[in-house]
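Below: one structure, written as structure tokens.
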Amino acid sequence: MKKLLLFLLVVLTACTFQTKHRGYVFPPNVEDVVANIKTTTQLTKEIGSPQVKTLYGDEVWVYYGVDENYRGPLPLKYDNKTVLLAWVDGKNIVKTKILTDKDLPDVLISEDETSIPAGIELNALQELFNNIGRFSPAGLGQ
């Protein structure tokens, strides 16, 4: 009985329930806020600086926010995904579009590793000996 109680105690302490927000925290009424925005100055004041600006084609500012849910040993889940796209012409906002969970496809991440062309793979011992002599002692300024 004591072993079972100890096992259950260990299992329950491993089950953390935590939500972390990544990216932008959009206001609950983001559609209403964005509908009234006409300039980039207003957009940066209300939402902030964009995470990404496109390099080619139309200038589009991209904002992204998501909640990461940690549930102990269960796989990580993402929800409340929101993407705000703002098409910019100079200092004016031409068009905006808000994408939410239902608009975004679920992308399955492969568990395999992608090999790096011309990458050198060293084991732990080779890494250790490879670093010998690379670093100068502290305070020498070299």
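In what follows, every heavy atom counts, from backbone to side chain, and hydrogens, waters and symmetry copies are set aside. Each residue takes its place number in the sequence, starting with 1.
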Check: How about Arg22 and Tyr64: do any of their side-chain heavy atoms sit closer than 4.5 Å?
Finding: no
Check: Is there a donor-acceptor pair closer than 3.5 Å between any side-chain N or O of Asn69 and the backbone N or O of Thr19?
Finding: no
Check: Roughly how far apart are Leu85 CG and Thr54 OG1, rounded to 0.5 Å?
Finding: 10.0 Å
Margin query: If you count heavy atoms of other groups shown closer than 6.0 angstrom to CG of Asp89, is the number above 12?
Written below: no
Check: How many angstroms lie between CG in Leu4 and NZ in Lys2, if you round to the nearest 0.5 Å?
Finding: 13.5 Å
Margin query: Let me confirm one number: the NZ-CG distance from Lys97 to Leu84, rounded to the nearest 0.5 Å.
Written below: 12.0 Å
Item checked: Check: Glu46 side chain, Gln42 main-chain N or O, donor-acceptor pair, under 3.5 Å -> no
Note to self: With rounding to the nearest 0.5 angstrom, report the CG to NZ distance, Asp103 to Lys81.
What the structure shows: 10.5 Å
Note to self: Could you tell me if the side chain of Val94 sits less than 4.5 Å from the side chain of Val88, heavy atoms only?
What the structure shows: no
Item checked: Transitive ILVMFWY side-chain link Val34 to Val25, under 4.5 Å -> no
Notebook entry, point to check: Taking C-beta and beyond as the side chain, do Asp67 and His21 meet within less than 4.5 Å on heavy atoms?
Noted result: yes
Margin query: Counting C-beta onward and ignoring hydrogens, is there a side-chain heavy-atom pair between Ile98 and Thr96 closer than 4.5 Å?
Written below: no
Item checked: Which atom of Phe26 lies closest to which atom of Ile47, heavy atoms considered -> CE2-CG2, 4.1 Å
Notebook entry, point to check: side-chain contact (heavy atoms from CB on, under 4.5 Å) between Trp61 and Thr44: does it pass, once the steps are laid out?
Noted result: CA-CA 10 Å; Trp61 291 11; Thr44 54; 3.7 Å; yes
Checklist line | Leu125 backbone acceptor or donor facing Asn123 side chain under 3.5 Å | finding: yes
Notebook entry, point to check: Side-chain contact, heavy-atom cut-off 4.5 Å: Lys91 with Thr39?
Noted result: no
Next item on the list: Apply the test side-chain contact (heavy atoms from CB on, under 4.5 Å) to residues Tyr63 and Val30: give CA-CA distance (whole Å), side-chain angles for both, the deciding distance (0.1 Å), then the verdict.
Entry: CA-CA 12 Å; Tyr63 298 84; Val30 67; over 6 Å; no
Check: Going hydrophobic residue to hydrophobic residue with side-chain gaps under 4.5 angstrom, can you get from Val66 over to Val62?
Finding: yes
